[in-house]
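One structure is given below, encoded as structure tokens.
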Amino acid sequence: MINTSRFLSDLHHLRSFGAQGSGVIRPAYSHEDIAARDWLANQMDEAGLTVRFDAMGNLFGLAEGRSLLLGSHSDTQPTGGWLDGALGVVAALEVARTAREMGGPAISVVSFQDEEGRFGGTTGSAVWSGLMTLTEADAATDTNGITLAQARTAMGDRVGADVDPAQFSGFIELHIEQGPTLDAAGEQIGVVTDIVGYREMMVTLTGQQNHAGTTPMALRRDAFQGLSAFNARLNDRLQNVVTPQSVWTIGHVALAPNASSIVPGQVRFSMQWRDGNRDRLDRMQSVIETALAEVVAEVGLGLESGAVLGLEPVAMAPALRARLEAAAKDVAPGRWRQMPSGALHDATNVARLMPVAMLFVPSIGGISHAFEEDTAEDDLVAGLRVLAQAAGLSG
Ligand code: HGY
Ligand code: MN
Ligand code: MN
């Protein structure tokens, strides 16, 4: 039988690494992230699993022979919630531990590194799944200009040989919904049908830094005005191609020199867009590129668009999904649904290698990527029970 108090105690212990009020600050390769990984490694070792760190810092607890892989990520957003990723890792640990105590089935555990994208996005599972090479990942930089190669040296001599994906029969990830659907409906479980795709690029607009008092408005080449005009035109033009499930975000903005009496000469910002349909992602991209080109010409700005990073939309594996649906019917009768994921997950990358499936528990108020992120305890336990049952543990 799964031990729910052990599970909850471990979940709160993981929260303590980088705890900040009700939230957590535990970015990839930070001191807090590595301390959390060391603690998880110890828990895996005590559970009788073979502990392995790969070159990216992905942490695996391996069962012998062929096994089902469960897990998520234990790094967080710069100011993150205590459950995003952490829930899936600790639930996987509890299911694997219980499976060993019950003499089977073989369950392995993973905590992927840098899912939250300090260096891009789902970086650890992207390298493990072959979506990108370690060399490509190493060249990525965070917003402070630190390279992933520099950051991952903090893993030190923990790093061992690569972990071969062929030993796993499939991957299931338990995660908080990070949206309002389940909470608003009073439901406990979401069985994921598919995960959206996303595209992201960094954009730099360059104008002319100048005096805020003596420079007439008509003579300005104001980088902020360029961003503002782009954003207004983008919101208007995208209405022609999007659906209510489409989203787009300018989440990171660095204005230079960022002084109240200086016309900003440069702005660097992130442009991210997401949708469940690959063609629509393409159409959104061309709207973005056209609007950018028009505005820089009108305002007289220089434009530099970085490489477009992204992941394509992916459908969950029917057989694994069916196991989650059967378990959800049993654990939360009348209080579960099938639903898409608007958030990105490591499961998208792992789907390149093996069958994957995901399940959600509610986020209170639909809030996530914020210190207020939370989930009711009985919903956390319901998620654990569904995961355990779908993984083949009885009752
Ligand atoms: O951005 C995402 O969807 C994920 O939570 N990192
Ligand atoms: Mn996550
Ligand atoms: Mn996240």
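Computed from a prediction, not measured in an experiment: that's the story for all the values here. Both ligands and their constituent atoms are indexed starting at 1 by order of listing. FYI, side chains are in, hydrogens and waters are out, and symmetry mates aren't considered; it's all heavy atoms of this structure.
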Atom pairs and distances, ligand 1 N/O vs protein N/O under 3.5 Å:
from	atom 1	to	atom 2	distance (Å)
ligand 1	1 (O)	Arg274	NH2	2.7
ligand 1	3 (O)	Arg274	NH1	2.7
ligand 1	3 (O)	Arg274	NH2	3.3
ligand 1	3 (O)	Leu344	N	2.7
ligand 1	5 (O)	His369	NE2	3.0
ligand 1	6 (N)	Glu115	OE1	3.2
ligand 1	6 (N)	Glu115	OE2	3.2
ligand 1	6 (N)	Glu116	OE1	2.8

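- The pair Arg100-Glu64 counts as a salt bridge, with a side-chain nitrogen and a carboxylate oxygen less than 4.0 angstrom apart.
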**Report entry** From CA spacing to verdict: salt bridge (charged side-chain N to carboxylate O under 4.0 Å, His left out), Arg6, Glu46
**Finding:** CA-CA 13 Å; Arg6 179 172 63 181; Glu46 285 185 0; over 6 Å; no
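- Between the CG atom of Leu311 and the OG1 atom of Thr122 there is a distance of 4.5 Å, given to the nearest 0.5 Å.
- Judged as a ring-ring contact (aromatic ring centres under 6.0 Å, His included), and not counting sequence neighbours, Trp336 has no contacts.
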With a 3.5 Å cut-off and sequence neighbours excluded, list the donor-acceptor pairs that the side chains of residues 298-308 form with protein atoms.
from	atom 1	to	atom 2	distance (Å)
Glu298	OE1	Arg233	NH1	3.3
Glu298	OE1	Arg233	NH2	2.8
Glu298	OE2	Arg233	NH1	2.8

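- Salt bridge present: Arg152 and Asp138 bring a charged side-chain N and a carboxylate O closer than 4.0 Å.
- Listed by chain and number, His73 NE2, Asp84 OD1, His175 NE2 are the protein N/O/S atoms closer than 2.8 Å to the Mn ion (ligand 2), with waters left out.
- A salt bridge between Arg118 and Asp33 is absent, with no side-chain N of the basic residue lying under 4.0 Å from a carboxylate O of the acidic one.
- In this structure, Arg199 pairs ionically with Glu312, as a charged nitrogen and a carboxylate oxygen lie closer than 4.0 Å.
- Under a 4.0 Å N-O distance rule, the pair Glu325/Arg321 qualifies as a salt bridge.
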